[in-house]
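Just below is one structure, and these are the notes that go with it.
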Amino acid sequence: MNTPIRIAAAQMRSGLEPAANLDALDALVASAVAGGAQYVLSPEVTVAFAENREGLARVAGPAEDNGDIARAAEIADAHGVYLHLGSLAVALPDGRFANRSILFGPDGAIIASYDKIHLFDATLPGLREYRESATYKGGDVAVVTPAAGFNLGMAICYDVRFPALFNALAGAGAEVISVPAAFTVPTGQAHWEVLLRARAIETGSYVIAAAQGGHHENGRATYGHSMIIDPWGTVVARIEGDEPGIIVADIDLGRVADARGRVPALANARPFSLSVNQSARKMPI
């Protein structure tokens, strides 16, 4: 039998001040570790939930000599846990930012990092326009890394709508895929759970999703409902609502092998070409 590995997702309500947000993260990590967690994931924009380039410029620096990254490393080291900082903004030379996820080992050393590939450029009916690309530069490298006894595939928020990324991560050996997020309330109500469960089912992977939740200082409202889903698509832990908190679950890597054996979709995938009839109407992208 495989030895269970306990993982945790931290739900937060990050504001504009990094120090206060990192203090809140420290307390949540302490709670998770007290519950036996070996790996803890925090949400997207854990360190500061600023709304625009000007707001980010006030709180976000480059990766080198970054005090917020150093503080997160100290939290991992102090609690002796794999701490996965869901994301923070990292200043780039061109004036934009990377939306960067960082995995720290139990000694505080950086094991891996991932820059969000898919940027949320969308107009929600009756609401507002989001243009993440006006502030952030999208990454172009998918990442799979060892973490706490399992292979971790790294994704962030809007990435969950792109199954090709998740299939690539699973195909490269990921057994757990992380989705730190700051989902809007309307899209969260409509799509959050079904997308997460679909990605778990399609890849035969555990999916752990740590969310921002509630009304934030920047005026945004996020959906919350952090959850952990097993490779068969069953939600094994969740937070009902948008309040900050911790959820934990024991994962069994044997269930990954079992799910992929029962429905071997990854193994059965085949390359194909596409034929489009000239009379077909093309939809705008």
Side-chain angles (χ1 to χ4, degrees), residues 10 12 14-19 21-22 25 40-76 82-105 108-122 129-145 147 152-162 164-166 168-169 172 174 177-184 208-212 216 218 220 222:
M12 297 180 65
S14 293
L16 300 174
E17 298 301 327
N21 296 328
L22 288 164
L25 175 63
V40 183
L41 174 67
S42 71
E44 185 180 23
V45 294
T46 288
V47 171
F49 197 2
E51 185 66 357
N52 51 41
R53 188 179 295 200
E54 293 72 24
L56 285 172
R58 186 178 66 83
V59 296
E64 298 75 18
D65 300 317
N66 187 301
D68 298 327
I69 294 175
R71 174 73 195 287
E74 291 172 359
I75 294 171
Y82 286 86
L83 173 59
H84 188 170
L85 187 69
S87 85
L88 81 164
V90 173
L92 300 175
D94 67 359
R96 289 182 295 173
F97 301 85
N99 193 348
R100 183 164 297 171
S101 189
I102 303 176
L103 175 67
F104 300 90
I110 293 176
I111 295 174
S113 64
Y114 163 71
D115 289 354
K116 183 178 182 180
I117 291 174
H118 300 101
L119 302 180
F120 187 49
D121 287 359
E129 181 179 77
Y130 293 86
R131 287 292 176 268
E132 198 171 18
S133 63
T135 304
Y136 290 96
K137 178 181 179 182
D140 54 15
V141 178
V143 175
V144 177
T145 181
L152 173 70
M154 302 171 81
I156 299 174
C157 200
Y158 191 48
D159 283 334
V160 77
R161 295 184 182 272
F162 298 86
L165 172 60
F166 284 69
L169 294 171
I177 302 177
S178 58
V179 187
F183 248 62
T184 69
I208 178 169
Q212 294 283 352
H216 301 264
N218 64 6
R220 289 272 298 275
T222 52

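Excluded from the calculations below are hydrogen atoms, water molecules and symmetry mates; all remaining heavy atoms, backbone and side chain alike, are included. Since we're looking at a predicted model, the values are computed, not measured.
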pair V40-H84: side-chain heavy atoms closer than 4.5 Å: no
Closest approach of N21 to M12 (non-hydrogen atoms, all atoms of both residues): O-CE, 3.4 Å
Any N99 side-chain heavy atom under 4.5 Å of D115 side chain: no
Heavy-atom pair of closest approach, residues L41 and S178: CD2-CB, 3.9 Å
F162 and I117, any side-chain heavy atoms less than 4.5 Å apart: no
Derivation of the side chain to side chain contact (heavy atoms under 4.5 Å, CB included) call for S101 and I156: CA-CA 8 Å; S101 189; I156 299 174; 3.8 Å; yes
D94, CG: over 12 other non-hydrogen atoms inside 6.0 angstrom: yes
4.5 Å side-chain heavy-atom contact, F104 and I111: no
Validation row: Y136, R96 side chains within 4.5 angstrom (heavy atoms): no
Non-hydrogen side-chain atoms of Y114 and L103 separated by less than 4.5 Å: no
Test log, rule side chain to side chain donor-acceptor pair (under 3.5 Å), inputs S14 and H216: CA-CA 7 Å; S14 293; H216 301 264; over 6 Å; no
Heavy-atom closest pair, residues G153 and A174: N-CB, 3.7 Å
A19: side-chain contact (heavy atoms from CB on, under 4.5 Å) partners, not counting sequence neighbours: none
Non-hydrogen atoms of G138 and L119 that approach each other most closely: N-CD1, 3.5 Å
Min side-chain heavy-atom separation F120-C157 under 4.5 Å: no
Heavy-atom closest contact (A142 atom, L165 atom, distance): CB-CD1, 3.7 Å
Main-chain N/O of P62 paired with N66 side-chain donor or acceptor, under 3.5 Å: yes
Heavy-atom pair with the smallest gap, counting every atom of L152 and A147: CB-CB, 4.1 Å
Atom pair CE/NZ of M154 and K116 - distance to nearest 0.5 Å: 14.0 Å
CG on L88 to CD on E44, rounded to 0.5 Å: 11.0 Å
Candidate pair T46 and L25, rule side chain to side chain contact (heavy atoms under 4.5 Å, CB included), full reasoning: CA-CA 8 Å; T46 288; L25 175 63; 4.1 Å; yes
E132/K137 salt bridge by N-O under 4.0 Å criterion: no
Min side-chain heavy-atom separation L22-V47 under 4.5 Å: yes
